[in-house]
Each structure stands twice: as structure tokens, then as C-alpha cells.
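Numbering of residues begins at 1 and proceeds along the displayed sequence. Side-chain atoms are counted along with the backbone in the values below, which use heavy atoms only and exclude waters and symmetry mates.
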Amino acid sequence: MKKYTVQKSPFIVPTTDGKTIEEHFGKASTHDDQVSIAHMIAPPGWSEPFQTPEFDEYTYIIKGKKQFTIADETIILEAGQSIKIEKNTRVQYANPFDEECEYLAVCLPAFDFTKVHREGA
């Protein structure tokens with residue numbers, strides 16, 4: 001029995017907001033609810049509603065910039081920077097900038113749409 005898994009065809013999450021989501025490991029791609037790892041590209045002008053997820057989310061910026069609004073604070077990360085947002089924290093993700101933002105997102109436990117709690121959804 002192999003003690004590793006090579007992911008050659010990640011699950012492409014369908015979106016309607018122009019964002020590209022390739023889940024390499026997680027509930028949709030490998031049926032793993034312990035962790036999810038996704039490669040994402042957020043187009044210029046993209047944003048999501050505020051949400052209060054039931055999972056920790058780590059984000060590493062590969063290219064461009066991404067804006068995080070947490071409570072009353074706005075944080076902007078650039079390429080090479082990362083952040084951990086703890087579960088049950090109200091947050092909004094956005095790319096109000098002129099260039100796309102490429103990043104990796106890791107969720108513990110795995111991303112679950114029923115546990116993200118987006119406002120207005």
C-alpha cells in the first residue's frame with residue numbers, strides 16, 4: 001500500500017465570480033475532511049461577502065495582493081506573505097487591486113461550504 005498520493009487532476013470548483021479554485025486535497029477532490037489545499041486566482045475587483053467559517057484558514061500569497069477585513073481591521077498581504085485566520089472569526093476576502101492575486105489556501109479541518117457561513121447566502 002502506497003504511503004503517498006500524487007494529485008494530477010485537482011477538482012475545479014465551479015464559480016460565478018471569475019475566481020479560479022483548484023482543490024488539490026479536500027472534501028471535493030479526495031473526500032478528506034481533515035484538510036483542504038487549494039490553488040486560487042482571484043481576478044481584479046473580486047470580493048466575497050463576510051463569513052465566519054468553522055475552520056482555520058491559512059493563506060499564502062504567490063503573486064499580487066489580497067485584502068482581508070477582520071473585525072475593524074484591514075490587512076493587505078503581498079507575494080511571499082501569509083496569514084492564519086482562526087475559526088469562528090468574521091472575515092471578508094477581496095482583491096480590490098488592478099492585478100490578479102494568486103494564492104494557496106489551506107483549511108483545517110477541510111473547507112466545507114455548509115460551515116463557511118457567508119452573510120447574505
Side-chain angles (χ1 to χ4, degrees):
M1 178 185 232
K2 292 183 183 180
K3 302 245 180 191
Y4 63 89
T5 302
V6 175
Q7 177 58 277
K8 293 185 178 179
S9 35
F11 179 77
I12 307 301
V13 178
T15 65
T16 58
D17 59 2
K19 183 176 172 186
T20 302
I21 304 172
E22 299 174 341
E23 185 186 87
H24 285 260
F25 294 92
K27 290 184 73 118
S29 58
T30 58
H31 308 291
D32 183 348
D33 31 352
Q34 298 302 307
V35 63
S36 60
I37 301 173
H39 173 244
M40 303 198 194
I41 299 175
W46 167 86
S47 69
E48 289 181 334
F50 275 94
Q51 56 194 12
T52 308
E54 295 179 35
F55 44 82
D56 293 337
E57 185 162 353
Y58 299 79
T59 302
Y60 173 76
I61 309 300
I62 298 168
K63 181 176 98 175
K65 296 187 281 191
K66 186 174 178 187
Q67 178 177 290
F68 303 78
T69 303
I70 305 167
D72 295 329
E73 188 175 1
T74 298
I75 299 161
I76 297 170
L77 294 185
E78 298 179 359
Q81 297 179 326
S82 59
I83 189 170
K84 174 190 177 189
I85 299 175
E86 295 183 13
K87 66 182 175 182
N88 302 316
T89 299
R90 185 173 183 261
V91 59
Q92 181 188 42
Y93 301 107
N95 177 13
F97 309 105
D98 293 332
E99 65 178 298
E100 69 182 20
C101 177
E102 181 179 6
Y103 60 99
L104 293 176
V106 176
C107 299
L108 293 169
F111 180 90
D112 182 335
F113 194 75
T114 66
K115 296 181 179 179
V116 75
H117 306 294
R118 287 196 177 130
E119 295 177 14

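Listed by chain and residue number, nothing satisfies the salt bridge (charged side-chain N to carboxylate O under 4.0 Å, His left out) test with K65 (two or more places apart in sequence, or in another chain). Here T16 pairs with nothing under the side chain to side chain donor-acceptor pair (under 3.5 Å) rule; sequence neighbours left out. With sequence neighbours excluded, no residue forms a ring pair (Phe, Tyr, Trp, His ring centres under 6.0 Å) with Y103. The side-chain contact (heavy atoms from CB on, under 4.5 Å) check on D32 picks up T30, Q34, V35, with sequence neighbours excluded. Under the rule for a side chain to side chain donor-acceptor pair (under 3.5 Å), the partners of E22 that lie at least two apart in sequence or sit in another chain are H39. P53 pairs by the side-chain contact (heavy atoms from CB on, under 4.5 Å) definition with Q51, F55, V91, V116, not counting sequence neighbours. With sequence neighbours left out, the side chain to side chain donor-acceptor pair (under 3.5 Å) criterion links D56 to no other residue. For the side-chain contact (heavy atoms from CB on, under 4.5 Å) test, residues two or more places apart in sequence or in another chain that qualify with T89 are I70, I85, E86. Listed by chain and residue number, W46 satisfy the side chain to side chain donor-acceptor pair (under 3.5 Å) test with D17 (two or more places apart in sequence, or in another chain).
Between the OG1 atom of T59 and the CD atom of Q81 there is a distance of 12.0 Å, given to the nearest 0.5 Å. Between the CZ atom in F50 and the CD atom in Q92 there is a gap of 4.5 Å [rounded to 0.5 Å]. Taking CG from N88 and OG1 from T52, the interatomic distance works out to 8.0 Å, rounded to the nearest 0.5 Å.
One hydrophobic cluster holds both Y93 and I75 under the rule that ILVMFWY side chains link at heavy-atom gaps under 4.5 Å. A continuous path of hydrophobic side-chain contacts links I83 to I61 [ILVMFWY only; heavy atoms under 4.5 Å]. Side-chain heavy atoms closer than 4.5 Å link hydrophobic residues (I, L, V, M, F, W, Y) into clusters, and following such links, even through other members, never connects M40 to I37.
The list of salt bridge (charged side-chain N to carboxylate O under 4.0 Å, His left out) pairs with a residue in residues 95-110, not counting sequence neighbours, reads K63-E100. The salt bridge (charged side-chain N to carboxylate O under 4.0 Å, His left out) pairs that include a residue from residues 36-54 are K19-E48, E48-R118, where partners are two or more places apart or lie in different chains.
Between Y60 and Y58 the shortest side-chain heavy-atom distance does not fall below 4.5 Å. Here the side chains of K66 and E78 are not in contact, with every heavy-atom distance at 4.5 Å or above. Using a 4.5 Å cut-off on side-chain heavy atoms (C-beta onward), K27 and S36 make no contact. You'll find the side chain of I76 reaches within 4.5 Å of the side chain of F97, heavy atoms only. Looking only at side-chain heavy atoms (C-beta outward), T15 and T20 stay at 4.5 Å or farther from each other. Looking only at side-chain heavy atoms (C-beta outward), H24 and S29 stay at 4.5 Å or farther from each other.
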Q.
The test is salt bridge (Lys or Arg N to Asp or Glu O under 4.0 Å); show your working for R90 and E119 and say whether it passes.
A. CA-CA 10 Å; R90 185 173 183 261; E119 295 177 14; 2.6 Å; yes

Q: For I62 and L104, run side chain to side chain contact (heavy atoms under 4.5 Å, CB included): C-alpha distance rounded to whole Å, both residues' side-chain angles, the deciding distance at 0.1 Å, then the answer.
A: CA-CA 7 Å; I62 298 168; L104 293 176; 3.9 Å; yes

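With hydrogens and angles disregarded, a donor-acceptor distance shorter than 3.5 Å links the side chain of N95 to the backbone of A42. Between the side chain of Q67 and the backbone N or O of T69, no donor-acceptor pair lies under 3.5 Å.
Counting all heavy atoms, side chain and backbone alike, A110 lies closest to G26 at CB-CA, 4.5 Å.
Through chains of ILVMFWY side-chain contacts below 4.5 Å, Y4 is grouped with V6.
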